[in-house]
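Both counts, for ligands and for their atoms, begin at 1 and track the order of listing. In this chain, numbering begins with 1 at the start of the sequence shown.
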Amino acid sequence: MGLKGKKIILGVTGSIAAYKSAFLTRLLIKAGAEVQIIMSASAFDFITPLTLATLSKRPVLSQFQNDNTGVWTNHVELGLWADLFLVAPISANTLSKFANGICDNLLSATYLSARCPVMIAPAMDLDMYQHPSVQSNIQKLKSFGNILLDAESGELASGLSGQGRMMEPENILSKVEDFFSSREDFSGKKVLITMGPTQEALDPVRYISNHSSGKMGLALANAFLARGAEVFVVSGPIYLTVNKAGVHWNDVTSAKEMYEAASEIHSQVDICVFAAAVADYAPSEVAPEKIKKDNTSLSISLVKNVDIAAELGARKKQGQIHVGFALETENEAENAKIKLSKKNLDLVVLNSMKESGAGFQVDTNKVHIFHSSGLSVQSEVAPKNQIADLILDQIKNIPVWV
Ligand code: PMT
């Protein structure tokens with residue numbers, strides 16, 4: 001049962017190959033997966049929802065609103081539920097919608113909401129498949145990190161012969177099984193992640209903080225979870241909707257609290273990732289009452305906060321892996337490498353405030369990862385969940401990784 005417990009959304013669109021989705025559904029179910037089918041309107045011309053509902057043992061979804069009950073089908077929840085979003089077959093029309101962010105049905109809305117990896121299996125006639133529009137949509141979707149299950153060559157419904165046949169269901173199944181098995185590469189590993197900002201109180205009303213949203217840390221937590229790790233999170237105050245299921249989650253406010261929580265956990269984990277934007281300084285004293293606005297100016301004395309990564313770096317045990325971040329605005333690589341050694345890190349992930357699409361708040365990041373061994377890897381701007389997977393892949397390149 002290679003897919004036991006895996007939740008897969010299977011999108012079916014308007015292609016003659018849609019009949020193969022019935023075989024594919026049966027194979028996925030037999031392999032132990034839970035399969036939720038979403039059909040595009042034109043898929044109904046090629047296969048009945050009854051067939052797919054029977055095989056998947058779940059009602060087939062297609063509209064935002066369920067005709068009989070008027071209940072809204074929540075594409076966001078679907079997107080969060082799935083471990084994998086597989087569209088097989090994907091028609092030229094749906095390829096174009098996905099590539100250009102068109103959102104005019106439940107399938108395309110769920111695609112845009114999905115946080116899980118996406119696999120697409122095109123199926124169309126060979127001239128359509130070779131058309132530059134289709135090919136550029138496919139390349140664009142690959143550049144977003146979607147996984148292409150490329151069309152196979154052979155006899156096509158039109159009687160022509162060439163590339164355009166949907167990958168055979170058995171081959172799709174093995175691609176899906178390979179995908180999940182390669183993604184259990186952190187099973188048995190315990191991981192601590194610090195994430196989000198810290199808030200350093202000035203008085204009962206005011207605090208000093210920064211712009212960290214927690215998105216990078218959350219992407220890392222999801223990536224480690226998806227790849228089999230046991231995840232411990234210590235998070236500063238963030239305002240994202242978080243699915244904390246399966247995560248040992250600790251909410252903290254100040255750097256001191258983050259340090260105390262992280263210290264508690266540190267000795268029991270194999271990997272630490274310090275993604276938090278920890279305030280380097282805190283007010284030397286917290287006013288017991290709200291500071292009055294009597295004077296025209298107010299000066300505050302600040303004291304240095306504990307450097308969590310450095311403190312725990314000094315306690316790093318043989319076999320433990322520490323990954324830090326460097327958020328820089330100048331001399332980026334040099335400053336990142338200084339942190340790499342000063343904090344006894346194995347990897348430092350540099351993100352520069354000068355790069356658009358990188359750093360605080362945004363859904364993407366652009367990183368330059370430096371290994372203590374001297375190796376370094378750069379990324380383009382990419383969604384933070386892909387950057388997280390890249391960081392995990394780099395952790396596996398650390399010599400102590402056994
Ligand atoms: O949360 P997002 O909105 O998604 O933004 C992501 C991010 C920009 C916050 C993230 O990618 C990032 O860069 N996090 C580290 C930010 C930071 O504090 O960088 P730094 O260069 O100041 O710190 C260097 C390293 O030491 C970091 O691993 C940091 O977690 C750690 N540190 C720093 C200070 C301190 N007192 N304790 C620490 O542990």
Asker: Quick one, list the residues around ligand 1 where some non-hydrogen atom comes in under 4.0 Å, by chain and residue number.
Answerer: S212, S213, G214, K215, M216, F274, A275, A276, A277, V278, D280, V306, D307, I308, A309, G324, F325, A326, L327, E328, K339, K343, N351, G359, F360, Q361, N365, K384
Asker: Pairs of donor and acceptor atoms involving the side chains of residues 383-392, under 3.5 Å and at least two apart or interchain, shall be tabulated with distances.
Answerer:
| from | atom 1 | to | atom 2 | distance (Å) |
| --- | --- | --- | --- | --- |
| K384 | NZ | G359 | O | 2.7 |
| K384 | NZ | V362 | O | 2.8 |
| N385 | ND2 | R115 | O | 3.4 |
| Q386 | NE2 | F144 | O | 2.3 |
| D389 | OD1 | R227 | NH1 | 2.8 |

Asker: Is a side-chain donor-acceptor pair under 3.5 Å present for N146 with Y111?
Answerer: yes
Asker: Looking at side-chain heavy atoms only, is the closest gap between I369 and L350 below 4.5 Å?
Answerer: no
Asker: Report the residues that fulfil salt bridge (Lys or Arg N to Asp or Glu O under 4.0 Å) with E311, sequence neighbours left out, ordered by chain and then residue number.
Answerer: none
Asker: Can you list the residues that meet the salt bridge (Lys or Arg N to Asp or Glu O under 4.0 Å) rule with D150, with sequence neighbours excluded?
Answerer: none
Asker: Do the side-chain N and O atoms of N365 and K215 include a donor-acceptor pair separated by under 3.5 angstrom?
Answerer: no
